[in-house]
Peer 1: 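Dropping a structure here in structure tokens format, bear with me for questions.
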Number of protein chains: 2
Amino acid sequence: MNSLAEENYLKAMLSLSNDKGEVNVNELSKRLEIKMPTVTSMMKKLSAKKLVYYQSYKPLRLTEKGRKEAAFIIRKHRLTEMFLVEKMGFGWEEVHSIAEQVEHIQSAEFFEKMDKLLGYPKLDPHGSPIPDKNGKMVWKQYRKLSECEADEVVKLSAVINTSKDFLKFLNSRHLSLGMKLKVKFIEQFDQTMLVSYGKYDKEALSHIVCERLLVEKV
Amino acid sequence: MNSLAEENYLKAMLSLSNDKGEVNVNELSKRLEIKMPTVTSMMKKLSAKKLVYYQSYKPLRLTEKGRKEAAFIIRKHRLTEMFLVEKMGFGWEEVHSIAEQVEHIQSAEFFEKMDKLLGYPKLDPHGSPIPDKNGKMVWKQYRKLSECEADEVVKLSAVINTSKDFLKFLNSRHLSLGMKLKVKFIEQFDQTMLVSYGKYDKEALSHIVCERLLVEKV
DNA sequence: GTAATAAGTTAGATTAAACTAACTAATTTA
DNA sequence: TAAATTAGTTAGTTTAATCTAACTTATTAC
């Protein structure tokens with residue numbers, strides 16, 4: 001059994017690891033808001049538990065065991081977010097911090113029940129994939145809205161940032177998943193996009209925002 | 001904010017305190033399975049936080065603040081048990097250990113939502129009262145089945161022990177809350193009771209069991 | 001009412017998970 | 001390529017929560 005702290009390291013490692021499955025101590029340190037020496041010593045501990053490959057000054061990698069345990073925590077997190085939205089009536093901007101706590105509950109049946117009640121969902125309320133019971137998780141091939149060109153029409157399918165503030169901002173602009181967006185104009189100067197969707201004809205969305213919106217072909 | 005450990009001490013204190021609101025270090029130590037010196041030092045800490053009145057060699061008492069915080073944790077525990085049974089399809093024997101973890105979640109809205117979805121229940125699945133938002137909790141005037149006399153007819157309204165084993169035993173005898181029980185005979189030798197209920201005519205229930213069944217007048 | 005037992009406390013050690021200060025290795029830049 | 005910067009490690013400290021051993025106070029039993 002892993003401690004709460006250990007679970008948080010594993011989860012952060014999986015969500016930060018690149019295509020090679022590598023993470024740096026520094027990145028982990030920033031994400032977890034824990035100083036680097038503490039991260040190093042935890043890596044040695046997780047290495048002793050065969051959850052992480054650790055070699056001094058080399059990038060960190062999860063072992064297969066570590067990756068599975070991390071995926072299972074993310075599974076619990078995302079199932080919880082879905083449950084909170086679908087079964088308990090929360091808004092998508094409210095669920096992250098609750099799920100952050102619920103994900104550590106030790107009870108396979110609890111999450112099995114959620115999964116079943118939700119009808120075995122594949123995506124969470126922010127469009128992120130829910131890992132399956134074997135720890136398998138596949139991201140669809142989304143593009144960032146910021147990478148689209150003028151006149152393109154796309155569907156908003158996921159958001160990168162799940163912070164309350166960002167999601168409240170999207171709510172205030174009546175942006176939600178599944179919506180069709182049309183890029184009307186891109187300001188060369190600062191990459192601001194003018195987008196039409198729903199009742200909005202030329203809504204200005206900053207580059208910062210457009211980089212966090214994942215879209216796919218309609 | 002109180003730590004997980006602190007919350008467990010507060011909860012145990014409230015559930016163990018007698019009519020005078022007193023608990024002993026020893027009782028707490030046994031309930032929490034934590035050695036007495038550790039309990040003493042935690043009491044000093046909680047005393048510094050104005051949650052407990054502590055004087056060397058005197059019985060322990062919660063302050064009003066401590067009592068409220070303890071009641072709120074018990075509220076969260078019992079709402080969770082009710083939610084697990086009513087909304088997620090768990091059996092009453094399965095919910096204790098999950099609720100033991102969920103009760104520590106910090107999110108007033110989460111438990112407000114549960115409460116609302118459940119229709120503001122007054123009792124949990126084991127017949128224990130759910131403290132209200134002000135920390136008020138009143139036990140109905142139940143008697144133990146073991147205190148009943150032959151020929152009495154009563155209603156099973158609550159159980160004292162919520163351990164999985166005990167509740168599985170009750171399940172195996174098809175005993176559940178709300179059931180009408182008739183005491184047919186009491187064995188003087190060992191206090192075993194022969195009880196009729198449902199399809200059972202003379203079911204033998206040991207003293208140990210009868211002491212854990214709370215009943216009221218029909 | 002004293003001796004035995006139970007309950008409670010004090011002192012000091014341990015472990016997990018964090019920190020800072022100081023050092024070393026790797027990478028970037030001029 | 002040498003210097004500066006950034007990343008990573010080592011050593012030692014801190015805090016929360018636990019423990020054991022030894023001691024003190026309170027209660028119970030004869």
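When reading the values below, keep in mind they use all heavy atoms of this one structure, side chains included, and skip hydrogens, waters and symmetry mates. Protein chains get the first letters and strands the later ones, always in sequence-line order, with residue 1 at the start of each.
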Peer 1: Taking only side-chain nitrogens and oxygens of A:K35, does any of them come within less than 4.0 Å of OP1 or OP2 of D:dG8?
Peer 2: no
Peer 1: Between atom CG in B:N2 and atom P in D:dT15, what is the gap in whole Å?
Peer 2: 19 Å
Peer 1: Atom CD1 of A:I34 to atom P of C:dA18: distance rounded to whole Å?
Peer 2: 4 Å
Peer 1: Is the phosphate of C:dA16 approached by A:S3 (side-chain N or O, under 4.0 Å from OP1 or OP2)?
Peer 2: no
Peer 1: Tell me which pairs pass side chain to side chain donor-acceptor pair (under 3.5 Å) where either residue lies in residues 32-42 of chain A, with sequence neighbours left out.
Peer 2: none
Peer 1: B:K58 has an atom NZ; how far is it from atom P of D:dT27, in whole Å?
Peer 2: 10 Å
Peer 1: Is the ring pair B:W139/B:Y142 parallel, tilted or perpendicular, if the boundaries are 30 and 60 degrees?
Peer 2: perpendicular
Peer 1: Counting only side-chain nitrogens and oxygens, does A:T40 get under 4.0 Å of the OP1 or OP2 atom of D:dG8?
Peer 2: no
Peer 1: Considering residues, nucleotides and ligands other than B:K65, do more than 12 of their heavy atoms fall under 6.0 Å from its NZ?
Peer 2: yes
Peer 1: Can you measure B:L28 atom CG to D:dT18 atom C1' for me and round it to whole angstrom units?
Peer 2: 15 Å
Peer 1: Would you mind reading off the distance between B:M42 atom CE and D:dA16 atom P, rounded to a whole angstrom?
Peer 2: 10 Å
Peer 1: Using atom CD of B:E22 as one end and atom P of C:dG8 as the other, report the distance to the nearest whole Å.
Peer 2: 12 Å
Peer 1: Search all heavy atoms of B:S176 against all heavy atoms of B:L156 and return the closest pair with its distance.
Peer 2: O-CD2, 3.6 Å
Peer 1: Check step by step if salt bridge (Lys or Arg N to Asp or Glu O under 4.0 Å) holds for B:E81 and B:R78.
Peer 2: CA-CA 5 Å; B:E81 290 196 334; B:R78 294 186 178 158; 5.8 Å; no
Peer 1: Which whole-number value in Å describes the distance from B:Q55 CD to C:dA7 C1'?
Peer 2: 17 Å
Peer 1: Given that A:Y9 and B:Y54 both sit by DNA chain C, which one's nearest nucleotide is further toward the 5' end?
Peer 2: B:Y54
Peer 1: Is it true that B:H96 and B:H77 have ring centroids separated by less than 6.0 Å?
Peer 2: yes
Peer 1: Looking only at side-chain N and O atoms, does B:N171 offer a donor or acceptor that is under 3.5 Å from a partner on B:W92?
Peer 2: yes
Peer 1: Encode nucleotides 2-7 of chain D as B, S and - characters from 5' to 3', where the letter depends on protein heavy atoms closer than 4.0 Å: B to the base, S only to sugar-phosphate, - to neither.
Peer 2: -----S
Peer 1: At under 4.0 Å between heavy atoms, what does A:T38 touch on the DNA or RNA strands: base, sugar-phosphate, or nothing?
Peer 2: base
Peer 1: Could you state the CD-P distance from B:E33 to D:dT18, rounded to the nearest angstrom?
Peer 2: 12 Å
